[in-house]
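First comes the structure, then the notes that go with it.
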Amino acid sequence: LFECCFTSSSSDTFSKQRKLEDGREITIQCFNEDKHHMLQQFINETAILNYLPHKNIVSIYGCASHHKESLLVHEYLSNGNLASHLQSEITKNSTLPWLTRLDIAIDIANSLDYLHYYGIIHRNVKSSNILLDVNFCAKLANLHLSRKLPDGVPVYATHVTGDIIGTCSYIDPEYLTKGRLSVKNDVYSFGVVLCELFSSKLAKNWVMNEEDSLATILSRKIENQTLVELLDPRLGFESNLKIKRMMTATAELAHLCMKCPQELRPNMEQVLESLDGIKQGRYETNSTKALKIFHHAELEEATNKFDTCLGKGGYGTVYYGKLQDGREVAIKCFHDESETEETIKQFMKETAILGLLHHENLVSLYGRTSRNCNKHMLVYEYISNGTLTKHLHESSGGKLPWHNRLNIAIETATALVFLHESGTRAYIDPDYYESGRVSDKSDVYSFGVVLFELISSIRPSLMEGTDYVTLAQFAKRKILNKELTAVVDQSFWLGVDKNMMEMITAVAELAFQCVQCPKELRPSMKQVLDTLEGIRKGTWGFNQIT
Ligand SMILES: Nc1ncnc2c1ncn2[C@@H]1O[C@H](COP(=O)(O)OP(=O)(O)OP(=O)(O)O)[C@@H](O)[C@H]1O
């Protein structure tokens, strides 16, 4: 609470920029107490901003009461609002570059995703409520029209309200005509802001007649494949294909955000993911491909309060669960202590990659918890027969037969070939590649170790503390010394099936090639798969891998 030492005209909504004693620059927003709704707005904004600080929401430093006025003290953002920037560009020769605009969109998507997570609908998303700081970091302002959904009401539920508020060109038509209030109203308005960003034209200047809305104009241009007519050429898309793709994908995303009925629109988290993808060079904006965002309570119920643990991994614990639709799931919960920035990055990366890839030999990812939820979880299809490790090293139910092992090797190789050929590299941090820490050939090495494990039934970790250190080194040495028998599970020799022994020898030879150093000597996963299939068919010759 500030001592009231400001003076201001009650009719001003915003007074001029001022400075606090500690040097912080501020703006003061005045609410006239005579008007009950304004006071209500004042309470709304103070309550929300006090409890929900976010880097992309204008900070509130305090409030004060002054005669019949209530005053709100905000941080001052020196670059003004987005609308006046776009407006003034018409007369100036300079424009905000496309990448700055994309960052502005990402910042605002971030703030809305955050508000929606807490059940708050902004209800007045527009470019004049987007303020820019000295570095053009964007912050959402004017939360005084926002509404908090009652506790316990699902965030995506739709409510009917008689109280229609908002700004004309930005307002969701379903809210306007039917009073359908939900977080999807903000998604619509955000779509309008995206249109302003790629066209440099304010929403009020888009619509020329009563029949047309911004959404119908955009839709028609997309349908007629004349979308480029809406893009601002000053942003450089004509000479730069990458910018053109980014701008087109953003326009397609805006189109999705403005779809009716509102159920067809993505939620803000999906929008944010699409924008992040566009920035990284992924242009997939189809929201139907987006992962389901599960709520913690839903997963708590599915797992009966996480009572059945399936196992623990490096990042967290995996629990068994059953969703309401009957699907069995394995839920990976990241350890609290491992929830560093790095883990969250890992979490987002795993979802971004797996969410787009579907293959019968890859475990499907059904969804995840929201990035704002403080418990990070991934929801996978449940694989009832457990891990290969369990069957090779922990099972008391007899040895896994050789033909099953060969099939497992082929199916795993098929999944790896799919991953390596699907262009997932485009989604992976290029640093990993450039630093040489990860490459397709690292998977080939690891797969070689799995092949040795399948042949020998030896746990790779059992080799620790011996002269050989790793199973791969042990197996390589034995093969070079022509002591292959030491690497093959003794139970396979018992049957003395000549055909099987030939196959095992060929697989051992292949595994040897997979673990060679330097990595350039290793075959590709495609060559490995072809060889394994040849071995199964009996058509493989030793000298086929070069
Ligand atoms: N989809 C699934 N279906 C059934 N069980 C699973 C599933 N996913 C994981 N599990 C079980 O949970 C255990 C831990 O899995 P998790 O993926 O966290 O770690 P990991 O693969 O063992 O190790 P890392 O963290 O190094 O990848 C697995 O060993 C397995 O027993």
Side-chain angles (χ1 to χ4, degrees), residues 291-292 294 298-300 302-323 325-369 373 375-397 400 404 408-409 411-416 418-419 424 427-429 432 437-438 440 442-451 453-454 457-464 470-472:
L291 289 173
K292 176 171 164 54
F294 288 93
E298 200 177 346
L299 298 182
E300 197 172 62
T303 55
N304 199 16
K305 295 206 163 70
F306 304 96
D307 70 346
T308 310
C309 170
L310 293 171
K312 284 190 175 162
Y315 285 104
T317 308
V318 180
Y319 296 93
Y320 171 81
K322 201 167 191 178
L323 298 178
D325 60 14
R327 282 182 298 172
E328 290 182 293
V329 287
I331 301 174
K332 188 192 271 191
C333 307
F334 284 79
H335 293 309
D336 284 346
E337 63 272 21
S338 64
E339 282 191 9
T340 56
E341 191 71 4
E342 199 43 49
T343 329
I344 293 170
K345 265 197 192 155
Q346 177 64 30
F347 170 76
M348 297 313 297
K349 200 176 289 171
E350 196 160 342
T351 55
I353 296 171
L354 280 178
L356 291 167
L357 297 172
H358 300 280
H359 188 275
E360 58 175 348
N361 298 118
L362 275 181
V363 177
S364 295
L365 181 66
Y366 293 149
R368 61 174 170 82
T369 48
C373 176
K375 285 260 170 254
H376 290 100
M377 299 182 207
L378 295 172
V379 182
Y380 291 100
E381 73 171 306
Y382 170 65
I383 310 290
S384 60
N385 244 331
T387 62
L388 178 61
T389 300
K390 182 182 102 181
H391 288 278
L392 284 181
H393 311 302
E394 294 156 17
S395 169
S396 51
L400 197 60
N404 283 358
I408 289 167
E411 282 166 16
T412 310
T414 308
L416 285 168
F418 171 74
L419 282 177
T424 45
Y427 307 136
I428 295 174
D429 184 351
Y432 283 108
R437 276 191 287 158
V438 167
D440 290 357
S442 322
D443 283 346
V444 175
Y445 183 96
S446 309
F447 184 74
V449 178
V450 173
L451 287 180
E453 226 182 319
L454 285 166
S457 308
I458 297 173
R459 272 180 193 269
S461 54
L462 278 191
M463 287 289 139
E464 277 163 26
T470 68
L471 174 59

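Note that the structure is a prediction, hence the values are computed from the model and not measured. For ligands, and for the atoms within them, numbers begin at 1 and follow the listed sequence.
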Where on [X] is there a heavy atom closer than 4.0 Å to ligand 1, on the side chain, on the backbone, on both, or on neither?
| X | answer |
| --- | --- |
| Ile383 | both |
| Thr387 | side chain |
| Glu381 | backbone |

Can you sort out the partners of Asp325 under salt bridge (Lys or Arg N to Asp or Glu O under 4.0 Å), two or more places apart, ordered by chain and number?
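Result, salt bridge (Lys or Arg N to Asp or Glu O under 4.0 Å) vs Asp325: Arg327.
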Protein heavy atoms: any of them under 4.0 Å from atom 1 (N) of ligand 1?
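Under 4.0 Å from atom 1 (N) of ligand 1, at least one protein heavy atom found.
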Test item: protein heavy atom less than 4.0 Å from atom 25 (O) of ligand 1:
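For atom 25 (O) of ligand 1 the answer is yes, since some protein heavy atom falls inside 4.0 Å.
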Who's the nearest protein heavy-atom neighbour of [atom], and how far?
| atom | result |
| --- | --- |
| atom 7 (C) of ligand 1 | Ala330 CB, 3.6 Å |
| atom 10 (N) of ligand 1 | Val318 CG1, 3.8 Å |
| atom 17 (O) of ligand 1 | Lys332 CE, 3.4 Å |
| atom 5 (N) of ligand 1 | Leu310 CD1, 3.7 Å |

Quick check on contacts: which atoms of ligand 1 are under 4.0 angstrom from a heavy atom of Lys312?
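Once the distances to Lys312 are compared, the set is 14 (C).
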Where ligand 1 meets Tyr382 - atom numbers and elements under 4.0 angstrom, heavy-atom basis:
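Once the distances to Tyr382 are compared, the set is 3 (N), 4 (C).
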Polar proximity ligand 1 side, Val363 side, N/O cut 3.5 Å exclusive:
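No: no nitrogen or oxygen of Val363 is under 3.5 Å from one in ligand 1.
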Which heavy atom in Ala472 sits nearest to a heavy atom in Tyr445, and how many Å separate them?
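The pair with the smallest heavy-atom distance is CB-OH, 3.5 Å.
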Nearest heavy atoms of Leu362 and Glu381, plus distance in Å:
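That closest heavy-atom pairing would be O-OE2, 3.8 Å.
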Considering the options Leu451, Val449, Asp443, which one meets the side-chain contact (heavy atoms from CB on, under 4.5 Å) requirement together with Phe447?
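So the option named by the test is Leu451.
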Could you measure the distance from the [atom1] atom of [X] to the [atom2] atom of [Y]? Nearest 0.5 Å is fine.
| X | Y | atom1 | atom2 | answer |
| --- | --- | --- | --- | --- |
| His391 | Ile408 | NE2 | CD1 | 7.5 Å |
| His359 | Glu411 | NE2 | CD | 9.5 Å |
| Ile331 | Tyr320 | CD1 | OH | 10.0 Å |

Please list every donor-acceptor pair under 3.5 Å in which a side-chain atom of residues 302-312 meets a protein atom from a residue at least two apart or in another chain.
| unit_1 | atom_1 | unit_2 | atom_2 | d |
| --- | --- | --- | --- | --- |
| Thr303 | OG1 | Leu299 | O | 2.8 |
| Thr303 | OG1 | Glu300 | O | 3.2 |
| Thr303 | OG1 | Phe306 | N | 2.9 |
| Asn304 | ND2 | Asp307 | OD2 | 3.1 |

Given Gly313, Ser364, Gly386, which has its nearest heavy atom closest to atom 22 (O) of ligand 1?
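When every heavy atom of Gly313, Ser364, Gly386 is considered, Gly313 comes closest to atom 22 (O) of ligand 1.
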How about NZ on Lys322, more than 12 heavy atoms from neighbouring residues, nucleotides or ligands closer than 6.0 Å, or not?
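No, NZ of Lys322 has 12 or fewer neighbouring heavy atoms, counting only those of other groups under 6.0 Å.
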